[in-house]
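Values below: all heavy atoms of this structure, side chains included; hydrogens, waters and symmetry mates excluded. So you know, we letter chains A, B, ... as the sequences are listed, proteins then strands, and number each from 1.
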Amino acid sequence: MKTLELFLGRESAGEELTVMNKVQLNATSIPHLQQSLLQWYTLFGRDLPWRHNQDPYKIWISEIMLQQTQVKTVIPYFHRWLIEFPTLISLANASQQQVLKAWEGLGYYARARNLHQAAQQMVRCHTGEVPPNLQSLLTLPGIGRTTAGGILSSAYNQPISILDTNVKRVLARLIALPVPVNQAIPDLWKLTDQLLSQDQPRDFNQALMDLGAMVCLPKHPSCSSCPWQSHCQAHILGKTMEIPSAKVRQTLPHKLIGVAVIRNQNGEILIDRRRQGGLLGGLWEFPGGKIEPGETVEECIHREIQEELGILVTVEDPLITIDHTYSHFWVTLYVHHCQYLSGEPQPLECDEIRWVTLEQLTDFPFPKANTRIIEALKEALTE
DNA sequence: AACGCGTGGCC
DNA sequence: TGGCCAAGCGT
């Protein structure tokens, strides 16, 4: 009997590889797994906007937006995006600020910067099309193996597999993976490769993700309605809830930040554009910085504004205090009204600075925590 | 190879 | 309701 053998949890350390666990999937069951999943998909697959046609550009946009982001969150962004950037050319010709503004609120902003760069790269090197092959796709910023597989299977119906969070969970349960998912990535790629339907790769990949998103849920999987129930080793062994093993999360560090809403005699407000590359790169913000030990908020803001912009301000009343959680830390922003005193503002620690009116603020892309400052400011100034 | 990278939904 | 989680990629 043919079997697909997956060797998991090898020991490394220079010596000969030691097989700690061997998981086998009966190769003769693969056609049945494919057919039962595809049949389930025709009955229960989701009706999603990016499944309405096979335009590679739209498929690409959806794949990027969906990285680490729920379908429900993506849908309105996807529609707005296609109105503003209906074609690959229009995206390539847009400014980064336009692109970031359309992305505002979606998070992981490197995705938007990469999308913009990749569009320009496609125009320069790929005749203005989303390249229909794996090698070329992987050279584009923001496109890794799973996204490339998603694009090639969805847009071109090519038999390229994917391994996203949903697929990892489904496959880990299917074979009752005895180690954490992250320790078995090469094996899971082999498995998703082996399972992929060569006849219907588009539907198969979409079906696999729908199964993970609708049935094989992290917390409460509906095994009774799963087309793979009779093949699922986790279900057979009663280990569905333990697989995949949850990853340990450590508590997020906390940062205290002083933030300045600086207004000049004309009532204009000073904002700065964050440097490319790092956290929230390319987005605008109200200037400020970390409160040092033993420092008051007022002292911090006065110092930071001098260091970052080379100007003097008087720190006045508090405007708002905001707690905000990022992916790897959380902050408390102590936001104060400030009055501009002297000096010519310079972009010492940012890419650009601007004096803008209250109305103009909404033309710039801001991170979420800063849009809350803008709302508070509008309330304060219209009273 | 582990870590940096946002935000909102969900309970 | 605070914590977990989501169609990953780049470095």
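- Classification of Lys101(A) and Glu104(A) as a salt-bridged pair holds, one side-chain N sitting under 4.0 Å from a carboxylate O.
- Taking 4.0 Å as the cut-off between side-chain N and carboxylate O, Asp210(A) and Arg51(A) count as a salt-bridged pair.
- For the C1' atoms, the distance linking dG8(B) with dT1(C) amounts to 15 Å, nearest Å.
- At most 12 heavy atoms of other shown residues, nucleotides or ligands fall within 6.0 angstrom of atom NE2 in His220(A).
- One finds a salt bridge joining Arg303(A) and Glu307(A) here, because a Lys/Arg side-chain nitrogen approaches an Asp/Glu carboxylate oxygen to under 4.0 Å.
- Among the atoms of the strands shown, none is found under 4.0 Å from any heavy atom of Ile162(A).
- The backbone N or O of Thr357(A) lies less than 3.5 Å from a partner atom in the side chain of Gln360(A), making a donor-acceptor pair.
- Nucleotides dG6(B) and dC5(C) are separated by 13 Å at their C1' atoms, to the nearest Å.
- Using C1' as the reference atom, dA1(B) and dT11(C) are 10 Å apart when rounded to the nearest Å.
- Between the P atoms of dA7(C) and dC11(B), the separation comes to 14 Å (whole Å).
- When the shell of 6.0 Å around CD of Gln135(A) is examined, it contains 12 or fewer heavy atoms from other residues, nucleotides or ligands.
- Mapping heavy-atom proximity under 4.0 Å, the span of DNA chain B touched by chain A runs 5' to 3' from dG4(B) to dC10(B).
- Judged as a side chain to side chain contact (heavy atoms under 4.5 Å, CB included), and not counting sequence neighbours, the contacts of His79(A) are Pro49(A), Ile75(A).
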- Note on the structure: Heavy-atom contacts, protein to nucleotides 4-11 of chain C, under 4.0 Å, summarised as B (base), S (sugar-phosphate only) or - (none) per nt, yield SBBBBSS-
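- Comparing Gln250(A) and Leu283(A) along DNA chain B, the residue whose closest nucleotide (by nearest heavy atom) sits nearer the 5' end is Gln250(A).
- Looking at heavy atoms from C-beta onward, Thr146(A) lies in side-chain contact with Trp189(A) at the 4.5 angstrom threshold.
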